[in-house]
Amino acid sequence: MTDSAQQQATDLAAQIDHHRKLYAQGVPELVDADYDALEERLRELLAANPDVALEDNPLERPWSPELVAGQTIRHSRPMLSLEKATTPEQLEAFVARFPGQAFRVTPKLDGISLAIAYRDGAVEYVATRGDGRDGERVTEKAQLVVFGLPERLEGTSGRIEVRGEAVMLRSTFDAYNDTHPDRPLVNPRNAAAGTLVHKSPQECVARGRTLRFFAFDLFEEDGSAPAGAGEVPDDPAARLRALGFDVPDVFPAADADELARAIAEIAERRSGYDFDIDGAVVRLASRRAFEAAGATAAAPRGALAWKYPAEERMTRLLDVTWPVGKIGRVVPRAQVEPVFVGGTTVTYASLHNPRLVRERDIRVGDTVRIMRRGDVIPFIAGSVPERRTGEEREIVLPTDCPSCGTALVVRGTGEELWCENLQCPAQAVRRLIHWSSRHAADMEGVGTTWIEKLADDGVLERPSDFYGLTVEQLMAYERMGETSSAAMVASIDRSRGLGLRRALIGLAIPMASEGVAKRLCLAGFERIEEIMALDAEQLEAIRDIGPKVAASLVAYFSRPEVRDEIAALRAAGVDLDVRDEDRPIEVADAAETPLKGATVVVTGAFSDPDSGQKVPRPAVVRLLEQAGATSASSVSRSTTYLIAGADVGASKTDKAARLGVEVVDQAQAWAWLAEAGVR
Ligand SMILES: NC(=O)c1ccc[n+]([C@@H]2O[C@H](COP(=O)([O-])OP(=O)(O)OC[C@H]3O[C@@H](n4cnc5c(N)ncnc54)[C@H](O)[C@@H]3O)[C@@H](O)[C@H]2O)c1
Ligand SMILES: [Zn+2]
């Protein structure tokens with residue numbers, strides 16, 4: 001035994017206890033990933049040095065993730081931690097312990113663990129996990145601030161205990177921070193813990209600081225199970241749902257392969273959930289097997305928490321630059337010490353807007369919390385002022401555009417900085433690239449580097465310039481042969497037919513999204529000139545166009561250089577008139593079919609039943625809408641049909657089946673469309 005290994009283990013144990021205490025008090029100094037690394041180091045050290053002994057090993061004793069201040073409740077059975085796994089080997093070792101057993105996998109919600117006990121249908125108590133043996137009784141508080149706790153379990157008798165997690169939804173968290181910029185919540189998990197110990201639950205509710213409960217387990221005792229149901233079902237999800245609880249996704253997995261797939265599926269869904277998850281919980285599917293596996297002092301043996309890459313890490317803010325966006329917004333961009341977060345190494349992150357920089361008091365040199373969720377651009381969520389050395393510098397906002405030198409204008413709730421010079425070089429190139437992009441003119445053969453080069457040479461200044469490019473002109477460039485020049489010109493030529501909706505998108509009008517372009521077309525306007533002639537009041541009369549968007553459209557179209565450009569596009573033969581597929585839909589003419597009044601979700605690949613030609617999904621959606629259906633983007637309880645084309649993943653149809661949504665294949669859908677008379 002080396003002294004240093006013993007010493008290291010003792011030190012690590014002390015650090016773990018220290019950070020557990022801070023975490024329970026709601027003032028963690030580490031992000032979870034860094035804390036987990038401490039536990040992992042201790043675990044490895046002990047494994048590598050069997051002769052090192054800790055009198056009191058924190059990894060082997062239950063602990064309390066939150067403060068217990070009030071009256072306590074002895075849990076009917078312990079509420080424990082979970083063993084963690086981050087490598088495939090650890091997962092395999094777990095599976096190997098249970099040969100022939102099936103598993104089930106659920107997202108691991110990052111909130112506060114709660115036990116709700118009911119007797120004869122009425123709430124007996126709500127308790128936190130506490131140290132696992134005794135939790136704090138928080139019944140009245142929880143009933144106020146936690147939504148999704150049924151007050152009664154109708155038609156039940158005896159004792160029923162439900163276990164689950166109270167989380168702060170991301171949408172709640174974002175809305176709260178938007179309205180309380182002076183004292184933002186650090187992250188949803190911290191906010192959930194803080195809400196449950198807040199001195200005034202009434203004040204929490206009044207301020208929109210509320211939680212949501214998701215149930216993942218239940219125990220029914222004293223003959224409370226429904227008559228004839230026999231023992232408690234292995235998968236409690238259906239029973240919990242029937243009792244009125246929200247339940248997270250559950251994936252059955254018969255073997256190691258299916259387990260890996262379920263874990264990957266949850267990872268895929270992670271950024272789409274309205275709650276934070278930090279892993280997937282794998283447990284034995286059979287309750288009897290789970291009970292038989294027993295537990296250590298700290299965790300059950302029949303379950304495992306697979307940890308996903310952390311979405312939140314700490315790093316250092318090295319510098320802030322102010323690039324100019326395509327529509328002239330000058331945004332703060334953070335350069336940080338490279339850090340592995342959300343599955344990739346991040347060196348640049350968004351700082352959102354000047355107001356957040358000011359309110360969160362973020363400085364260059366600060367230790368900052370960086371977040372990256374799914375494919376969303378990583379952003380700086382806040383700084384850790386406690387770690388300042390005094391060397392930090394304030395972030396200075398630019399007063400002039402870094403590209404063209406024009407004085408910047410402050411606009412909007414984020415106190416955003418805008419360069420309003422449409423000839424601004426930085427914007428011009430981005431505008432040209434945007435005009436050529438898939439959602440706008442869709443000039444497939446024209447690459448970004450060529451646009452930059454041509455803009456650099458002054459050949460391209462505004463979108464209408466594309467249409468004057470000739471093969472000879474392009475061939476004059478090095479590495480540009482006749483074939484590629486001709487292909488480029490042909491692609492530009494084809495893009496002339498883009499039509500009103502895509503043109504509106506291509507112009508990158510401030511505050512006017514793709515949705516605005518669609519709505520203007522649906523409002524019945526035929527030509528871009530008709531839209532240019534509208535005043536703010538007329539624009540606001542259009543469905544879903546608000547005063548800000550209206551004002552921005554009017555300001556944009558009143559600029560002489562914009563009016564010139566529209567005229568130039570017209571002169572170049574570019575189609576700025578509405579296309580058929582963007583016109584308002586005449587539903588009234590459709591014949592009666594099951595599609596009329598239905599809410600549909602369209603998924604998979606479609607092909608025309610007569611010609612066999614591929615039909616793009618938006619075209620299918622449009623036909624369905626013409627037949628009187630409303631389309632939605634994801635399956636929910638309010639969906640009537642999931643219209644499934646070819647190659648539809650099981651996850652989609654499984655979800656539909658779970659929610660009781662009818663799955664309709666494309667043959668049926670085409671038949672209904674024919675019946676409706678829309679094709
Ligand atoms: N930042 C810090 O300094 C710091 C310090 C200590 C602990 N922590 C964090 O606290 C967390 C809690 O640690 P722990 O080991 O006690 O708990 P754990 O991570 O092992 O999780 C156990 C909990 O998972 C919950 N859970 C969520 N979804 C579930 C599901 N679908 N099925 C079953 N259970 C589910 C349960 O409520 C249970 O209480 C860890 O993520 C750790 O990183 C952070
Ligand atoms: Zn500029």
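Just so you know, ligand 1 is whichever comes first in the structure, and atom 1 is the first atom listed for that ligand.
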Student: Is there any N or O on L82 that sits under 3.5 Å from an N or O of ligand 1?
Tutor: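 The answer is yes, given that L82 and ligand 1 share an N or O pair closer than 3.5 Å.
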Student: Do L114 and T128 come close enough that some side-chain heavy atom pair is under 4.5 Å?
Tutor: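 Side chain of L114 against side chain of T128, heavy atoms only: contact under 4.5 Å found.
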Student: For ligand 1 and P65, I'd like to know whether there is a polar contact (N/O to N/O, distance under 3.5 Å).
Tutor: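 Such a contact does not occur with ligand 1.
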Student: Mind reading off the angle at the Zn ion (ligand 2) between the SG atom of C419 and the SG atom of C424, rounded to 10°?
Tutor: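 Value returned, to the nearest 10°, is 120°.
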Student: Would R163 count as a contact residue for ligand 1, given that I'm defining contact as a non-hydrogen atom of the residue lying under 4.0 Å from a ligand atom?
Tutor: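 Judged by the 4.0 Å heavy-atom criterion, R163 does not count as contacting ligand 1.
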Student: Hey, what do you get for CG (D131) to CG (L80), rounding to the nearest 0.5 Å?
Tutor: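 D131 atom CG to L80 atom CG measures 10.0 Å (nearest 0.5 Å).
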Student: Between D278 and ligand 1, which residue portion shows a heavy-atom distance shorter than 4.0 Å: side chain, backbone, both, or neither?
Tutor: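 It is the side chain that touches ligand 1; the backbone stays farther off.
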Student: Return the residue, atom name and 0.1 Å-rounded distance of the protein heavy atom closest to atom 15 (O) of ligand 1.
Tutor: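 Its nearest protein heavy-atom neighbour is K84 NZ, 2.9 Å.
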Student: Would a 4.5 Å heavy-atom cut-off, applied to side chains only, mark Q101 and S286 as touching?
Tutor: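 Result yes, sub-4.5 Å side-chain heavy-atom pair found.
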Student: Judged by atom type as modelled, is there a donor-acceptor pair below 3.5 Å linking the side chain of T315 to the main-chain atoms of E337?
Tutor: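 Checking the backbone N and O of E337 against the side chain of T315, a donor-acceptor pair under 3.5 Å is found.
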Student: For atom 22 (C) of ligand 1, which candidate among R129, R283, E29 holds the nearest heavy atom?
Tutor: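 Among R129, R283, E29, the closest heavy atom to atom 22 (C) of ligand 1 belongs to R129.
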Student: Against heavy atoms of V281, which atoms of ligand 1 measure under 4.0 Å?
Tutor: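 Listed by number with element: 29 (C), 30 (C), 31 (N), 32 (N), 33 (C).
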Student: Below 4.0 Å from ligand 1: does a non-hydrogen atom of L22 turn up there or not?
Tutor: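 Distance cut 4.0 Å: L22 fails for ligand 1.
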Student: Evaluate the side-chain proximity of L30 to L38: yes if any heavy-atom separation is below 4.5 Å, no if none is.
Tutor: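 Result yes, sub-4.5 Å side-chain heavy-atom pair found.
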Student: Calculate, to the nearest 0.5 Å, the distance between atoms CD and NZ belonging to E40 and K307 respectively.
Tutor: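 These two atoms lie 11.0 Å from each other.
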Student: Could you check which of L80, N187, D249 puts a non-hydrogen atom nearest to atom 38 (C) of ligand 1?
Tutor: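 It is L80 that holds the nearest heavy atom.
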Student: Considering only heavy atoms from C-beta outward, does the side chain of L196 approach that of E66 to under 4.5 Å?
Tutor: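 No, side chains not in contact.
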Student: May I ask you to test the P300-F290 pair for a side-chain heavy-atom distance under 4.5 Å?
Tutor: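 Yes, side chains in contact.
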Student: When you measure from atom 1 (N) of ligand 1 to every protein heavy atom, which one gives the shortest distance, and what is it?
Tutor: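 Of every protein heavy atom, L30 O, 2.8 Å lies nearest to atom 1 (N) of ligand 1.
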Student: For atom 42 (C) of ligand 1, which protein heavy atom lies nearest, and how many Å away is it?
Tutor: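 Nearest protein contact, heavy atoms only, for atom 42 (C) of ligand 1 is D36 OD1, 3.4 Å.
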Student: Hey, looking at atom 31 (N) of ligand 1, which of A299, A280, P107, P248 has the closest heavy atom?
Tutor: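 That would be P107.
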Student: Indicate, as side chain, backbone, both or neither, the part of K307 found under 4.0 angstrom from ligand 1 when only non-hydrogen atoms are considered.
Tutor: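 Under 4.0 Å from ligand 1, K307 contributes side-chain atoms alone.
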Student: Taking only heavy atoms of V31 into account, list the atoms of ligand 1 that are under 4.0 Å away from them.
Tutor: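 Counting from 1, the qualifying ligand atoms are 1 (N).
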Student: If you take the nearest heavy atom of each of Y23, W63, Y35, F216, which one is closest to atom 30 (C) of ligand 1?
Tutor: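 Looking at heavy atoms only, the winner is F216.
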Student: Can you tell which of E165, R283, K108 makes a side chain to side chain contact (heavy atoms under 4.5 Å, CB included) with F216?
Tutor: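 For F216, the side chain to side chain contact (heavy atoms under 4.5 Å, CB included) test succeeds with only one of E165, R283, K108, which is E165.
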Student: Would you call E220 and R239 a salt bridge, using N to O less than 4.0 angstrom?
Tutor: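 A salt bridge is present here (some side-chain N lies under 4.0 Å from a carboxylate O).
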Student: Do me a favour and list the nearest non-hydrogen protein atom to atom 24 (O) of ligand 1 with residue, atom name and distance?
Tutor: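 Ranked first by proximity to atom 24 (O) of ligand 1 is K108 CE, 3.7 Å.
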Student: With side chains defined as the heavy atoms from C-beta onward, is the minimum distance between E161 and E221 less than 4.5 Å?
Tutor: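 With C-beta onward as the side chain, the pair stays apart.
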Student: Could you tell me whether some N/O pair between L109 and ligand 1 is separated by less than 3.5 angstrom?
Tutor: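 Yes: some nitrogen or oxygen of L109 is under 3.5 Å from one in ligand 1.
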Student: Do Y273 and R170 have side-chain N/O donor and acceptor atoms under 3.5 Å apart?
Tutor: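 Side-chain D/A pair, Y273 to R170: absent.
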Student: Below 4.0 angstrom from a heavy atom of S81, which ligand 1 atoms are there? Numbered from 1 as shown, please.
Tutor: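 Atoms satisfying the 4.0 Å criterion: 14 (P), 15 (O), 16 (O), 20 (O).
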Student: Please tell me if the side chains of V105 and I263 come closer than 4.5 Å, counting only heavy atoms from C-beta onward.
Tutor: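 Answer yes - side chains close enough.
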Student: Side chain, backbone, both or neither: which applies to E165 and ligand 1 if a contact is any heavy-atom pair less than 4.0 Å apart?
Tutor: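 Side chain only.
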Student: With the Zn ion (ligand 2) at the centre, find the angle made by SG from C401 and SG from C404, to 10°.
Tutor: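 Result: 110°, to 10°.
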